[in-house]
Amino acid sequence: MPEDHASETTSGDTRYNVKQSETHWQQVWEEQGCFAVSEQSDKPKYYVLEMFPYPSGRIHMGHVRNYTLGDVVARFMKARGYNVLHPMGWDAFGLPAENAAIENNVHPAKWTRENIATMRGQLKSMGLSYDWSREIATCEPEYYKHEQKMFLDFLREGLVYRKESWVNWDPVENTVLANEQVIDGKGWRSGAPVEKRKLAQWFLKITEYAEDLRAALAGLERWPDRVRLMQENWIGRSEGAHIRFDMEGSDEKLEVYTTRHDTIFGMTFCAVAANHPIAARLAEGNAELAAFVEECNRMSTSEEAIETAEKKGFDTGLRVRHPFVDGKTVPLYVANFVLMDYGTGAIFGCPGHDQRDMDFARKYGLDVIPVVAPRDVDPATFELGDEAYIGDGVIVNSDFINGMEIADAKAAVADRLEADGIGERAINYRLRDWGVSRQRYWGCPIPVIKCDACGVVPVPDDQLPVVLPEDVELGGAGNPLSRHPTWKHVDCPTCGKAAERETDTFDTFFESSWYFARFCSPHTEDIGFSRDAADYWMPVDQYIGGIEHAVLHLLYSRFFTRALRKCGYLDMDEPFAGLMTQGMVCHETYRDDKGWLFPTDVDRQGDQAVHVKTGKPVTIGRIEKMSKSKRNVVDPELIIREYGADTARLFMLSDSPPDRDLEWTDAGIEGAWRYLNRVWRGVMQPRAAIGEAPPADASAVEGAALDVLKLAHRTIDGVTGDLGRFHFNKAVARVRELTNALEDLKDENADAAAVRRFGWETAIRLLGPMMPHLCEELWRGLGHETLLVEQPWPEAEAAMLSLDTVEVGVQVNGKMRGTVSLAPDAPEDDARAGALALETVKAAIDGKDIRKVIYVPNRIINVVV
RNA sequence: GCGGGCGUGGUGAAAUUGGUAAACACAAGGGACUUAAAAUCCCUCGGCUUCGGCCUUGCCGGUUCAAGUCCGGCCGCCCGCACCA
């Protein structure tokens with residue numbers, strides 16, 4: 001077992017007592033209401049938010065990193081004079097609660113509430129500056145009743161609809177998944193291959209905002225480019241045209257979406273998706289086609305399946321008329337590679353210039369007509385093998401567009417389609433509407449009633465909330481809510497006849513799509529949030545969390561905010577003005593012949609490792625994200641108990657920038673622990689006297705003391721900039737430079753003592769947001785009666801930022817030959833004289849004529865010969 | 001396949017708009033203190049070297065007085081999307 005550093009106390013306070021100190025200051029901050037938030041303030045507002053956790057049981061290192069980053073920002077901005085909102089809550093609905101219920105025979109509500117209690121205690125031990133009075137848990141009716149109201153408002157505004165549609169079905173979770181929750185054809189949680197099913201589902205019209213959501217990304221300047229790009233790709237705007245084809249012997253039209261209308265004269269077939277209405281109708285009288293449709297629906301959508309699946313089609317026997325070539329018709333297929341989800345679920349095939357179409361044409365012996373020829377090839381001899389030509393070129397074999405560039409041809413075809421009334425320019429999006437129905441118990445009930453006579457009827461306002469029943473039987477087949485004996489049976493609010501409740505619940509991303517707004521209002525009011533409070537606090541100035549929500553949660557929230565605006569809840573489009581995505585916390589993996597091992601089971605010795613109990617060798621594996629399955633986890637609670645929260649916080653901030661992955665190592669945490677104690681000793685057991693006050697007249701300080709004094713001011717300046725840009729690792733490095741210099745300043749005179757006073761106080765104030773308990777303790781240790789957490793951020797004196805001399809690099813022909821010490825902004829003549837006086841420079845010039853001298857003041861002088 | 005990003009010591013990383021590469025740490029090695037250990041403190045720490053220097057930011061080339069940084073081409077790794085018409 002590791003040594004219990006934190007509880008080690010010796011007489012006479014020779015060592016920092018972490019436990020006592022951290023508990024003490026947490027209590028003081030709470031008693032004094034240091035983090036209590038108020039909308040009544042003449043300060044500018046700042047809303048910092050970390051993605052709220054799912055109450056899975058215990059906090060993990062990812063939480064520690066996330067919440068440390070947020071806390072540093074919150075404390076820093078508070079010190080800088082902002083009115084800070086920094087809340088915390090629980091994303092409390094979700095499947096693990098149901099699984100735990102089935103496995104351990106404990107009710108999801110109890111399991112969830114107990115986990116919240118545990119995790120709240122763990123977070124409190126980190127000393128985070130939350131206003132806990134605004135804590136929320138999304139599984140409580142006090143929370144979810146508001147979103148039931150929102151849903152009904154959305155319904156009124158036409159933002160919600162119910163539709164029978166093909167959906168992604170997770171066979172393990174026994175529920176529907178949104179498109180965003182299908183990763184590589186598998187359920188995002190279960191990892192099980194997703195199946196297609198046809199179900200009646202509630203949808204939110206996110207596609208109505210597709211263009212707005214896409215265009216507004218450009219304005220999210222404080223978001224990582226990566227995330228904006230991912231959302232842009234997800235929304236997937238494309239520009240093309242709709243074409244309505246006539247069919248032979250039928251009045252029905254075939255509507256197709258294409259981005260290559262320039263290749264219309266290369267069309268040799270058309271195809272529809274297996275679940276296209278035309279296919280469905282034809283299948284009714286055709287058993288063979290019905291079987292083919294069935295086969296397509298069974299096909300998995302996984303990457304692997306798509307790669308290996310053959311392009312298959314079924315000739316319907318119907319023929320489609322070419323819009324511009326009299327008498328020409330092409331066959332209509334049902335094809336397994338056409339998606340009902342995209343465009344119109346129907347395509348025209350131009351094998352010459354699309355590889356899929358080419359594969360299909362070769363398989364079924366269809367014509368291939370090249371209609372785009374590369375510029376450097378004679379169109380008369382241009383031929384295609386089995387490879388489609390998808391490059392740039394000139395249009396050929398194409399009647400009225402011959403000789404045109406692709407872009408011009410597209411325009412000409414679109415004009416003609418529009419003039420003939422058989423098509424028009426169209427913009428298409430990959431984004432699908434958000435299906436929010438889930439066939440699960442532990443979620444927010446969808447507040448509608450299904451009546452045979454009246455159809456779907458919203459639950460009247462005075463009957464909200466629709467509360468989840470607690471007496472349910474979990475573990476059977478299907479949704480426990482629909483199996484409940486009484487819950488779903490209600491009278492129709494409209495006609496009074498017997499009716500049934502909707503037994504589906506909301507996707508849990510529903511709750512996280514507006515929780516940031518809920519935090520804006522105190523819990524005293526019986527509303528989700530007040531318009532005034534939202535107008536005051538929103539948008540979130542800095543949002544911090546994992547990259548895994550780049551599309552899911554962050555896109556839903558952006559949509560939800562727009563929908564709320566439409567319903568008059570608030571007055572902005574974008575919920576998160578600034579976004580920081582943190583990297584993962586990683587650790588080495590260990591395994592022996594029996595499987596993965598916890599780090600606590602392993603004794604690491606140099607390059608080797610053995611099992612602590614058996615002494616048998618252990619294989620050291622790759623460094624990977626901490627995960628329960630690989631067992632490469634370190635329990636934050638043990639770390640905080642052993643080293644204290646400040647040590648863990650410092651480690652999280654020290655070496656790696658926040659957006660990069662961070663490797664947890666014992667050596668690293670030890671290093672942070674050593675530094676914490678070093679700072680404590682620097683103040684409480686200084687090697688040389690610390691004065692009672694900072695220098696009264698800074699301009700009178702001289703010598704080594706002056707250097708340190710100036711360094712302290714430069715450190716303030718640098719750390720302020722670093723923290724403002726979230727360069728926490730650089731901020732830590734800067735403070736370490738300062739404390740190193742303070743330790744080295746050994747002069748025993750009044751100036752030095754006064755400078756030490758100033759220097760240590762500065763270091764403590766700058767470290768305050770990172771190691772709040774230690775710094776509060778040392779602030780008191782330096783004799784202050786006030787609380788550090790209430791102190792304003794230190795400011796550097798401009799006069800102290802200037803240096804007496806600067807070291808300027810000297811180059812000859814661009815090669816470094818030495819340095820000269822010059823006054824800041826020294827004139828070129830001085831620099832030149834200094835440079836030419838250097839022996840190394842003389843040797844390098846070797847008597848040659850100086851052709852040119854390039855001098856960049858304070859940086860470099862380059863002599864060119 | 002499409003889109004994007006990243007390659008700097010043994011390791012994590014620093015390096016304003018191109019201007020002294022490796023700050024600050026971790027690990028390692030040596031020393032001091034100690035009966036001993038822990039803790040602490042001091043020193044060394046990119047490579048080669050004939051001790052004058054020379055080389056060094058994945059590789060090759062280019063622009064420039066000057067390139068880790070800009071441009072072009074490779075190599076490697078990572079991420080997102082993907083039968084998207």
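A note on names: the letters A, B, ... follow the listed sequences, proteins ahead of strands, and every chain is numbered from 1. This structure is a prediction, so every number in the text was calculated from the model and none was measured.
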*Asks:* Near A/Ile390 CD1, under 6.0 Å, is it more than 12 heavy atoms from other residues, nucleotides or ligands?
*Replies:* no
*Asks:* Would you indicate, yes or no, if B/A85 has its OP1 or OP2 atom less than 4.0 angstrom from a side-chain nitrogen or oxygen of A/Tyr342?
*Replies:* yes
*Asks:* Over all strands shown, is A/Arg687 touching base, sugar-phosphate only, or nothing at heavy-atom distances under 4.0 angstrom?
*Replies:* sugar-phosphate
*Asks:* With the threshold set at under 4.0 Å for non-hydrogen atoms, list the residues of residues 851-860 of chain A touching RNA chain B in residue-number order.
*Replies:* A/Lys852, A/Ile854, A/Val856, A/Arg859, A/Ile860
*Asks:* Is there a donor-acceptor contact under 3.5 Å linking the side chains of A/Thr207 and A/Asp433?
*Replies:* yes
*Asks:* Heavy atoms only, 4.0 Å cut-off, all strands: where does A/Arg817 land among base, sugar-phosphate and nothing?
*Replies:* sugar-phosphate
*Asks:* Which of these nucleotides, B/C65, B/C83, B/A21, is closest to any side-chain atom of A/Arg356?
*Replies:* B/C83
*Asks:* CH2 of A/Trp673 versus P of B/A25: gap in Å, rounded?
*Replies:* 19 Å
*Asks:* Does A/Arg15 qualify as a cation-pi partner of A/Trp680, given the criterion of NZ or CZ under 6.0 Å from the six-membered ring centre and within 45 degrees of its axis?
*Replies:* no
*Asks:* In Å and rounded to the nearest 0.5 Å, what is the CD to CE distance from A/Glu624 to A/Met584?
*Replies:* 9.0 Å
*Asks:* Using a heavy-atom cut-off of 4.0 Å across all strands, would you classify A/Arg260 as base, sugar-phosphate, or nothing?
*Replies:* sugar-phosphate
*Asks:* Mind checking A/Asp357 for me? I need base, sugar-phosphate or nothing, with any heavy atom below 4.0 Å counting as a touch.
*Replies:* nothing
*Asks:* Could a donor-acceptor pair under 3.5 angstrom be found where the side chain of A/Lys311 meets the base of B/C83?
*Replies:* yes
*Asks:* Are A/His322 and A/Phe245, when compared by the centres of their aromatic rings, separated by less than 6.0 Å?
*Replies:* no
*Asks:* If you check the A/Ala733 side chain, which of B/C24, B/G80, B/A15 turns out closest?
*Replies:* B/C24
*Asks:* If you check every side-chain atom of A/Ile347, which of B/C65, B/A14, B/A85 has the closest atom?
*Replies:* B/A85
*Asks:* Counting heavy atoms from C-beta on, name the nucleotide in B/A14, B/A25, B/A85 closest to the side chain of A/Asn729.
*Replies:* B/A14
*Asks:* Rounded to whole Å, how long is the line connecting atom CD1 of A/Ile861 with atom P of B/C65?
*Replies:* 17 Å
*Asks:* Side chain of A/Asn862 only, please: which of B/C83, B/G19, B/C24 is the nearest?
*Replies:* B/G19
*Asks:* With rounding to the closest Å, how many angstrom separate the C1' atoms on B/U56 and B/U49?
*Replies:* 14 Å
*Asks:* For A/Asn740 and for A/Val806, locate the closest nucleotide of RNA chain B by heavy-atom distance; then report the residue assigned to the nucleotide nearer the 5' terminus.
*Replies:* A/Val806
*Asks:* Hey, does A/Gln811 reach any base, or is it just sugar-phosphate, or nothing, if we go heavy atoms under 4.0 Å?
*Replies:* base
*Asks:* Please report the C-alpha distance between A/Glu232 and A/Arg430 in whole Å, then the side-chain angles of each, then the deciding distance to 0.1 Å, and finally whether the salt bridge (Lys or Arg N to Asp or Glu O under 4.0 Å) criterion is met.
*Replies:* CA-CA 10 Å; A/Glu232 174 146 14; A/Arg430 211 185 71 103; over 6 Å; no
*Asks:* Under a plain distance cut-off of 3.5 Å, with no hydrogens placed, do A/Arg214 and A/Gln231 share a side-chain donor-acceptor pair?
*Replies:* no
*Asks:* Where does RNA chain B pair, written as one dot-bracket string 5' to 3', with Watson-Crick or G-U pairs under 3.5 Å, ( ) inside the strand, [ ] for crossing pairs and | for another strand?
*Replies:* (((((((..(((......[....))).(((((.......))))).(((....)))..(((((..]....))))))))))))....
*Asks:* By the 4.0 Å heavy-atom rule, please label A/Val735 as base, sugar-phosphate, or nothing.
*Replies:* nothing
*Asks:* Ignoring backbone atoms, establish whether A/Lys746 has a side-chain N or O less than 4.0 Å from OP1 or OP2 of B/C42.
*Replies:* no
*Asks:* Using a cut-off of 4.0 Å on non-hydrogen atoms, how would the nucleic acid contact of A/Asp354 be classed: base, sugar-phosphate, or nothing?
*Replies:* nothing
*Asks:* Start at the 5' end of RNA chain B and walk down; is the nucleotide closest to A/Ile547 or to A/Met816 reached first?
*Replies:* A/Met816
*Asks:* With ring centroids as reference points, do A/Trp664 and A/Phe651 lie under 6.0 angstrom apart?
*Replies:* yes
*Asks:* Mark yes or no for a side-chain to base donor-acceptor pair under 3.5 Å between A/Asn233 and B/C81, with no hydrogen or angle criteria applied.
*Replies:* no
*Asks:* Looking only at heavy atoms, which two atoms of A/Arg65 and A/Met652 are closest? And how far apart?
*Replies:* CB-SD, 3.6 Å
*Asks:* Which whole-number value in Å describes the distance from A/Asp744 CG to B/C43 P?
*Replies:* 8 Å
*Asks:* Using the C1' atom in both, what is the distance from B/C24 to B/A37, to the nearest Å?
*Replies:* 30 Å
*Asks:* May I ask you to check whether A/Tyr675 and A/Ser654 show a side-chain donor-acceptor distance below 3.5 Å?
*Replies:* no
*Asks:* Distance between the C1' atoms of B/U16 and B/C33, in whole angstroms?
*Replies:* 45 Å
*Asks:* Syn or anti for B/G72, with syn set at within 90° of 0?
*Replies:* anti
*Asks:* Could you work out the separation of B/U8 and B/C77 based on their C1' atoms and round it to a whole Å?
*Replies:* 15 Å
*Asks:* Taking the P atom of each, how far is B/U34 from B/C45, in whole Å?
*Replies:* 28 Å
*Asks:* Taking syn as any angle within 90 degrees of 0 and anti as the rest, which one fits B/G68?
*Replies:* anti
*Asks:* Distance check, P atoms only: B/G76 and B/U44, in whole angstrom units.
*Replies:* 41 Å
*Asks:* Describe the nucleic acid contact of A/Thr819 in one word from base, sugar-phosphate, nothing, applying a heavy-atom distance below 4.0 Å.
*Replies:* base
*Asks:* Nearest of B/G4, B/C26, B/A82 to any side-chain atom of A/Leu229?
*Replies:* B/G4
*Asks:* A/Arg832 CZ to B/C65 C1': how many Å, rounded?
*Replies:* 14 Å
*Asks:* Report the distance from atom NE2 of A/His727 to atom C1' of B/A15, rounded to the nearest whole Å.
*Replies:* 12 Å
*Asks:* Would you kindly give the CD-to-P distance between A/Glu232 and B/C84, to the nearest whole Å?
*Replies:* 18 Å
*Asks:* OP1 or OP2 of B/A14 less than 4.0 angstrom from a side-chain nitrogen or oxygen of A/Arg660, does that happen here?
*Replies:* yes
*Asks:* What is the distance, rounded to the nearest whole Å, between atom CZ of A/Arg622 and atom C1' of B/C78?
*Replies:* 11 Å
*Asks:* Can you confirm if the aromatic rings of A/Phe337 and A/Phe360 lie within a centre distance of less than 6.0 Å?
*Replies:* yes
*Asks:* Rounded to the nearest Å, what distance is computed from the CZ atom of residue A/Arg674 to the C1' atom of nucleotide B/A27?
*Replies:* 10 Å
*Asks:* Are the ring centres of A/Phe269 and A/Phe348 closer than 6.0 Å?
*Replies:* no
*Asks:* What distance, rounded to whole Å, do you find between the two C1' atoms, one in B/U57 and one in B/G9?
*Replies:* 10 Å
*Asks:* With P as the reference atom in both, quote the distance from B/A14 to B/C60 in angstrom, rounded to an integer.
*Replies:* 26 Å
*Asks:* Looking only at side chains, do A/Arg851 and A/Asn813 share a donor and an acceptor under 3.5 Å apart?
*Replies:* no
